Structure formats: C-alpha cells, structure tokens
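One structure is given below, encoded as structure tokens.
Residue numbering restarts at 1 for every chain, and letters A, B, ... go by the order of the sequence lines. Because the structure is a prediction, the values reported are computed rather than measured.
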There are 2 protein chains.
Amino acid sequence: MKRQTAQRRAIVQVFKQQDRLLAISEILDYGSRIVPSLNQATVYRNLKQLLEAGWLKQINYPSLGTRYERAHKIHHHHFHCKACNRVMDLPGCALKQEQIVPDGFVVQSHDVFLSGLCDRCAGR
Amino acid sequence: MKRQTAQRRAIVQVFKQQDRLLAISEILDYGSRIVPSLNQATVYRNLKQLLEAGWLKQINYPSLGTRYERAHKIHHHHFHCKACNRVMDLPGCALKQEQIVPDGFVVQSHDVFLSGLCDRCAGR
DNA sequence: GTCGTTGCAAAGCCTTTGCAGGGAA
DNA sequence: TTCCCTGCAAAGGCTTTGCAACGAC
C-alpha cells in the first residue's frame, strides 16, 4: 500500500502551485523549500510512482529534455520561446492527423511541439 | 578546414544506404561494417559536425531517445508503431498551427510525433 | 610539416539501484 | 510491529572531453 509522506506531499504541492511543465531540477528546488532534506533519488522515485498512478505525465521535450506536468489537463500542445526560454501551454489541438496517416494505421496518441518567439519577445 | 576521412565517409554512407531515422547505436553498428575500427567518440564527433554543416537533423524522439536523419528531406512527420517498434516517415504536414497559436506569437518550427499501430500490426 | 581527426580512456550528466535506517499505518 | 519510504552513495546509460598518435592535404 502507498504511504503518505512529507516528501510526496511536497512534490504534489509543487505541481499544484506551479501548474506548468516542470523540469526535474525545478521540482527538486521547489520541493526542497518545503522539505529541506528532499533527495534527488526520492524525487525520481516519486515521479515514477505518480506517473504510474496516472497523476503525472512525462514529456520528452525536444532540445529541453525531460519535463513533467499534471495528467488531468485536457489535451493541449506546447510552445517554447527560444528568446525567453519559457514553455507555455497552447489550448486546443491543431493536428489533422487523418490528412497524413495512411489507411490501416491506428493513431493512439500524438505529441506536438512548437517553437519560436512568444508575443512579448517577438514584439521587440 | 574539414578533412575527408574513411570514418566520416562511412557514416555518410550509412545514412545514404538506410535513408531513415537512425539511432546512434545503429550508426555505429552499420558504420563499423565499413570501417571496423570506428569508434563511438568518432561517431559522436562526426554527427555533431554533420549537424553543424546542416547535412543532418537531430530528433529527440519521445520515449525512443535521440535519432538522426538527413536534413535534405522535405518537411514531414513520424509515426512510431508500438507493436513492431518501427518509425516511419509520414509525408506532408497535418498541423494547422494558426488555429492554436495566439496573436503575436511567431512559430519558427514544429515537431509532430504520432504513435500507435501501423497497418501491418493493426491488421492482425 | 601542419593541424584536423581518430581511438582510447576518463570524466560528465542524468537517472536508477542497493542498502541500512527511519517512519507511516 | 510491519514493511514502505528515504537519504546516501554507488552504479548505469549516454554523451563529451583530454591526450597522444595518426594521417589528409
């Protein structure tokens, strides 16, 4: 059976507070402010557990590496601003997959990553 | 100045022969058949060089890891079959990015990854 | 003869694992 | 009291780097 620990609660709290795509280093940083002894290995183990529980989603972001976000969000894509280096959610889905998937193929999931300049950075 | 070496020619040849998304281990394997002494570090160094030269493109495939393909191909997406584990090209672009990108944002590039079952695997 | 390139080994990241002690239930 | 969880350190993958020898030009 799963046990409630201060460490796991801290990690969960970080996701609730930040509500965005987080890098492991960020989770460790923010989590350490809540539970100072928080260890890297503990973070990895808990992320794995939260993934398996379906509470988190892991995203292998091109050129940024591994990121995590809460799984309860509705389907959306991400935009990476190369200038300010932020990643933001883009609500909705812009993929018309039936246009390019050959007959007989079954699409189970898809990932879309956009990058460029956000409004703030492009405006200057 | 760049020099022609047997090792670099071998790596280039592998990409021309295979003409598909390759993992580093595959590049090393196939390349070693051409130049048996071919070393891992040499592969990494040459891939980096070919990337900078714009001859190759690096792709961080979700859940598959780093892959490389030739850069001269026209824009396309990839489909990963979870049953046979192959990755295939899907010609064309199915993304209607203007549908979800807010005003003021400038999209410079995008990556789309589809996964599911290919026709062969879905047919059974 | 230069100096870019290679093979080898070591070092660097990021992530996982073994282990003994600690703490939730 | 049980046994899941944690911290620490070591070990594993993958990728990069230092260095001396090699070889393209």
Please report the closest heavy-atom contact between [X] and [Y], naming both atoms and the distance.
{"X": "A:Tyr61", "Y": "A:Val87", "answer": "CE1-CG1, 3.9 Å"}
{"X": "B:Ala10", "Y": "B:Val35", "answer": "CB-CG2, 3.8 Å"}
{"X": "B:Asn60", "Y": "A:Ser63", "answer": "ND2-N, 4.0 Å"}
{"X": "A:Cys118", "Y": "A:Met88", "answer": "CB-CE, 3.9 Å"}

Quick one: sort the A:His77 and A:His110 rings into parallel, tilted or perpendicular, breaks at 30° and 60°.
tilted
Quick one: sort the B:Phe15 and B:Trp55 rings into parallel, tilted or perpendicular, breaks at 30° and 60°.
perpendicular
Show the numbers, then the answer: is there a side chain to side chain contact (heavy atoms under 4.5 Å, CB included) between A:Asp119 and B:Asp103?
CA-CA 7 Å; A:Asp119 53 350; B:Asp103 286 347; over 6 Å; no
With a 4.0 Å cutoff (strictly under), does any side-chain N or O of A:Gln7 reach OP1 or OP2 of D:dG7?
yes
Which residue in the set A:His75, A:His76, A:His80 passes ring pair (Phe, Tyr, Trp, His ring centres under 6.0 Å) when paired with A:His78?
A:His76
Whole Å only: how far is the [atom1] atom of [X] from the [atom2] atom of [N]?
{"X": "A:Ile24", "N": "C:dC13", "atom1": "CD1", "atom2": "P", "result": "16 Å"}
{"X": "B:Arg8", "N": "D:dC25", "atom1": "CZ", "atom2": "C1'", "result": "14 Å"}
{"X": "B:Lys2", "N": "C:dT6", "atom1": "NZ", "atom2": "C1'", "result": "15 Å"}
{"X": "A:Lys48", "N": "C:dT16", "atom1": "NZ", "atom2": "C1'", "result": "8 Å"}
{"X": "A:Arg9", "N": "C:dG23", "atom1": "CZ", "atom2": "P", "result": "13 Å"}
{"X": "A:Glu52", "N": "C:dT16", "atom1": "CD", "atom2": "C1'", "result": "13 Å"}

Could you walk me through whether A:Leu90 and A:Val112 pass the side chain to side chain contact (heavy atoms under 4.5 Å, CB included) check?
CA-CA 10 Å; A:Leu90 298 180; A:Val112 175; over 6 Å; no
Contacting residues from residues 30-47 of chain A, given that a heavy atom lies under 4.0 angstrom of DNA chain D
A:Ser37, A:Leu38, A:Asn39, A:Ala41, A:Thr42, A:Arg45, A:Asn46
Start with the C-alpha gap between B:Tyr30 and B:Gln18, add the side-chain angles, then the distance that decides, and say whether side chain to side chain contact (heavy atoms under 4.5 Å, CB included) holds.
CA-CA 9 Å; B:Tyr30 290 117; B:Gln18 297 294 324; 3.6 Å; yes
base_contact_polar (C:dC3 base, B:Arg3 side chain, donor-acceptor, <3.5 Å)
yes
Pull out every residue in residues 55-70 of chain B that has a heavy atom closer than 4.0 Å to any atom of DNA chain C, ordered by number, or say none.
none
Enter the inter-axis angle for the ends of the helix from C:dG1-D:dC25 to C:dA25-D:dT1 (five pairs per end, rounded to 10°).
30°
Is it true that A:Arg20 and A:Glu26 have a side-chain N and a carboxylate O under 4.0 angstrom from each other?
yes
